[in-house]
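Step one of this worksheet: look at the structure below.
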Amino acid sequence: MSDQVYFEDVQEGQEIPSLTEKCTSQRLVMWAAGSGDFYQIHYDKDFAQGTGLPDRITHGALKHALLGRLLHEWVGDQGRVKRVACQYRGMDMVNEDVICHGRITKKSQQGGENIVELEIWAETPQGQKTTPGTGVVSLPSRAQ
Amino acid sequence: MAEASVITDEMRAAIGQESEPATIEVEKTAVRVFARAVGYTDLIYYDEEYAKSKGYRNLPIPMGFLGNPGNPIFRPDRPPRPAYIMPFQSPYRRILNGGTDIEYYEPICAGDVLTSTSKIADISERTANIGPMLLITGETTYKNQDGRVVARFRGTLIQY
């Protein structure tokens, strides 16, 4: 993980480092085990195609979790992720990269915490934003 | 031309009704398996001593750990968790997961025992390119063993 980021050092409008995860069939099987979602459209190609899909698709909840990981890896050991929200607007196919991005929309102090709100999203390698959302994190101050 | 509303009195009555509580034991193996599934390399999710050195009581749960069909854990002597069963009928036969929103109020760690209750928070209608839709927003509140609300999950299901 990178160096600690501090509240004073970030600006509204700033993009945070992106995160890319190739969602191989092995990754989707690991997610099925980790989440308890064993719906076959995510790991059984014949089943997926039988429902009309072109191939197995990445679980929406895995994309939600990757957006959480995007924020976790940005806020560092002293930051905390407080909220991760997203909508599932498009499919991500097996064996494709899921690319997660974030952009700071607001900095504020609430209840004694340094709060940063972000627009977050996951997109396909073709640039389609399949999973738009918002995140809220707290960051430490340099002064602490 | 406006579509006729499909929201019934039965649906309206279902809003706010709390489910029976469910128990989730947050366990180290489950945390590790979940963290691995998301590709985390941060050792706070895998190494207990390292997690404690970073200020956690034990392995903390990664974002997204809550709200999955894997918790509460499957039991063969109970009906499978009806993740998308609504306590009412609608005219729509297809279902989509509209989205997930999880808020964390304090760190949740392995060793915690959470009690969750769920309710339907809102039912609304909209028409989009897939046609008329019924949007059902569910809310699950998680309390820990000390009775504090530690997280809240909101999910939207779209019936169309």
Side-chain angles (χ1 to χ4, degrees), chain A residues 1-2 19-24 26-39 51-52 59-73 75-91 98 100 111 113 120 131-138 140, chain B residues 24 29-45 50-51 53-56 60-74 80-81 83-84 94 96-108 128-130 135 150-158:
Chain A
M1 279 177 49
S2 45
L19 180 154
T20 298
E21 187 68 43
K22 189 179 181 75
C23 289
T24 60
Q26 185 180 66
R27 172 68 54 201
L28 299 191
V29 166
M30 290 168 69
W31 172 262
S35 68
D37 177 1
F38 292 103
Y39 191 23
T51 71
H59 309 64
L62 170 53
K63 295 188 284 183
H64 175 92
L66 286 169
L67 289 169
R69 184 180 139 204
L70 168 79
L71 295 173
H72 176 80
E73 293 182 356
V75 301
D77 288 349
Q78 295 172 56
R80 291 288 181 269
V81 179
K82 302 178 75 69
R83 189 169 192 165
V84 183
C86 71
Q87 296 177 2
Y88 307 118
R89 293 281 176 84
M91 295 188 306
V98 168
C100 298
E113 287 189 287
I120 57 180
T131 316
T134 54
V136 181
V137 307
S138 66
Chain B
I24 300 158
T29 299
V31 171
R32 289 171 175 137
V33 168
F34 183 88
R36 179 185 183 186
V38 186
Y40 277 100
T41 55
D42 191 342
L43 292 177
I44 61 170
Y45 298 120
Y50 184 85
S53 79
K54 294 296 178 180
Y56 295 98
I61 60 168
M63 279 58 66
F65 180 88
L66 296 176
N68 284 306
N71 55 57
I73 285 276
F74 166 83
R81 276 185 82 239
Y84 300 104
R94 291 172 293 184
L96 286 175
N97 185 341
T100 305
D101 173 4
I102 311 180
E103 212 170 348
Y104 307 92
Y105 302 115
E106 56 180 89
I108 298 161
N129 48 14
I130 53 173
L135 284 79
V150 291
R152 190 164 269 125
F153 166 105
R154 291 176 190 88
T156 301
L157 290 178
I158 301 170

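Residue numbers begin at 1 in each chain, while the letters A, B, ... track the order of the sequences.
- Contact of B/Ile44 with chain A is made through the side chain alone, with heavy-atom distances under 4.5 Å.
- Counting heavy-atom pairs under 4.5 Å between each of A/Cys86, A/Ala33, A/Gly68, A/Gly133 and chain B puts A/Cys86 at the top.
- Your options are B/Ala35, B/Pro107, B/Ala37, and the one with the most heavy-atom pairs under 4.5 Å with chain A is B/Ala37.
- Using a 4.5 Å cut-off between heavy atoms, A/Arg89 makes no contact with chain B at all.
- Remark: aromatic rings of B/Tyr45 and A/His72 are close, center separation under 6.0 Å.
- Contact count against chain A (heavy-atom pairs under 4.5 Å) is highest for B/Gly98 among B/Pro62, B/Gly98, B/Gly155, B/Gly64.
- You'll find the side chain of B/Leu96 reaches within 4.5 Å of the side chain of B/Ile130, heavy atoms only.
- Environment of CD in A/Gln26: sparse, with no more than 12 heavy atoms of neighbouring residues, nucleotides or ligands closer than 6.0 Å.
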Q.
Does A/Val84 form a side chain to side chain contact (heavy atoms under 4.5 Å, CB included) with A/His64? I'd like the steps, not just the answer.
A. CA-CA 7 Å; A/Val84 183; A/His64 175 92; 3.8 Å; yes
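- For the set B/Ile102, B/Val31, B/Val33, the count of heavy-atom pairs under 4.5 angstrom toward chain A peaks at B/Ile102.
- With a threshold of 4.5 angstrom between heavy atoms, A/Leu66 approaches chain B through its backbone and through its side chain.
- Only the side chain of B/Tyr56 comes within contact range of chain A, with at least one heavy atom under 4.5 Å from a heavy atom of that chain.
- Under the 4.0 Å criterion applied to side-chain N and carboxylate O atoms, A/Lys82 and B/Glu103 are not assigned as salt-bridge partners.
- When heavy atoms are compared at a cutoff of 4.5 Å, B/Arg152 does not approach chain A at all.
- For B/Arg36, the CZ atom counts as loosely surrounded, since its 6.0 Å shell holds 12 or fewer non-hydrogen atoms of other residues, nucleotides or ligands.
- The closest side-chain heavy-atom distance from A/Leu19 to A/Leu67 is not below 4.5 Å.
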